[in-house]
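Inspection log for the structure reproduced underneath, given as structure tokens.
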Amino acid sequence: MKVEGGCHCGNIKFEADVDPETASLCHCTDCQTLSGSAYRSNVRTIKGGFKLLSGQPKIYVKTAESGAKRAQAFCPECGTPIYSTSLTDPQIHGLRLGTLRQRAELRPKSMGWFRSAQKWVMDLNGLTRFEKRRPS
């Protein structure tokens, strides 16, 4: 599937070919911290399927529990997380679903690191909903 995306401020723009079957949520505590949320939503590109069109992301290197090092790319202007990839062979990118124009079409198929999931993430149906901004 061909996708287009970019950061919040427009500095970073990209296109990619992704495998929709790889759309997933990650509940690891690193992803919670790096996303500033309860989990991170991702989809993987096919090998060599990522093309940066504008801007240059800043890279932060994260060391996983396994000891593996992963490049975490984000916009240096607005801070939007863009992708993660291997430091040694960056051919497959884990794109952040929120950066993609086609995000509504990429429903996650699995959840990883569920042992670290916040207990409330599976029970959101009872929350009060507002179509726009919550009242003050």
So, taking the atom named [atom1] in [X] and the one named [atom2] in [Y], what distance separates them when rounded to the nearest 0.5 Å?
X: S35; Y: Q72; atom1: OG; atom2: CD; result: 10.5 Å
X: T99; Y: I82; atom1: OG1; atom2: CD1; result: 5.5 Å
X: L34; Y: S84; atom1: CG; atom2: OG; result: 9.5 Å
X: H27; Y: R115; atom1: NE2; atom2: CZ; result: 13.0 Å
X: E77; Y: I12; atom1: CD; atom2: CD1; result: 9.0 Å
X: L106; Y: N42; atom1: CG; atom2: CG; result: 11.5 Å

[X] with [Y], same ILVMFWY side-chain cluster at under 4.5 Å:
X: L25; Y: L124; answer: yes
X: W120; Y: F114; answer: yes
X: I92; Y: V43; answer: no
X: L52; Y: L97; answer: yes
X: V61; Y: F74; answer: no

Please report the shortest heavy-atom distance between [X] and [Y], naming the atom on each side.
X: F130; Y: R134; answer: CD1-CG, 3.5 Å
X: S86; Y: R70; answer: N-NH1, 3.3 Å
X: P90; Y: L87; answer: CD-O, 4.3 Å
X: R103; Y: G98; answer: NH1-O, 2.7 Å
X: D30; Y: A64; answer: OD2-CA, 4.4 Å
X: A71; Y: I59; answer: CB-CG2, 3.7 Å

Quiz item: Does a side-chain heavy-atom distance below 4.5 Å link R44 with D19?
Solution: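 Counting from C-beta outward, R44 and D19 never come under 4.5 Å.
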Flag, side chain of [X] to backbone of [Y], donor-acceptor distance under 3.5 Å:
X: R40; Y: C26; result: no
X: Q32; Y: S116; result: yes
X: T80; Y: C75; result: no
X: S54; Y: N11; result: yes
X: T45; Y: V18; result: no

Quiz item: Taking the inter-plane angle between the rings of Y83 and H93 on a 0 to 90° scale, is it parallel (under 30°), tilted (30 to 60°) or perpendicular (over 60°)?
Solution: perpendicular
Quiz item: How about K58: does its NZ atom have over 12 heavy atoms from other parts shown lying under 6.0 Å from it?
Solution: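 No, the 6.0 Å shell around NZ holds no more than 12 heavy atoms from other groups.
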Quiz item: Counting only heavy atoms not in K62, do more than 12 fall under 6.0 Å of its NZ?
Solution: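 Check passes, neighbour count above 12.
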Quiz item: So which pairs with a foot in residues 85-102 pass salt bridge (charged side-chain N to carboxylate O under 4.0 Å, His left out), sequence neighbours left out?
Solution: E4-R101
Quiz item: Strictly under 6.0 Å, is that where the ring centroids of F50 and F14 end up?
Solution: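 They qualify: ring centres under 6.0 Å apart.
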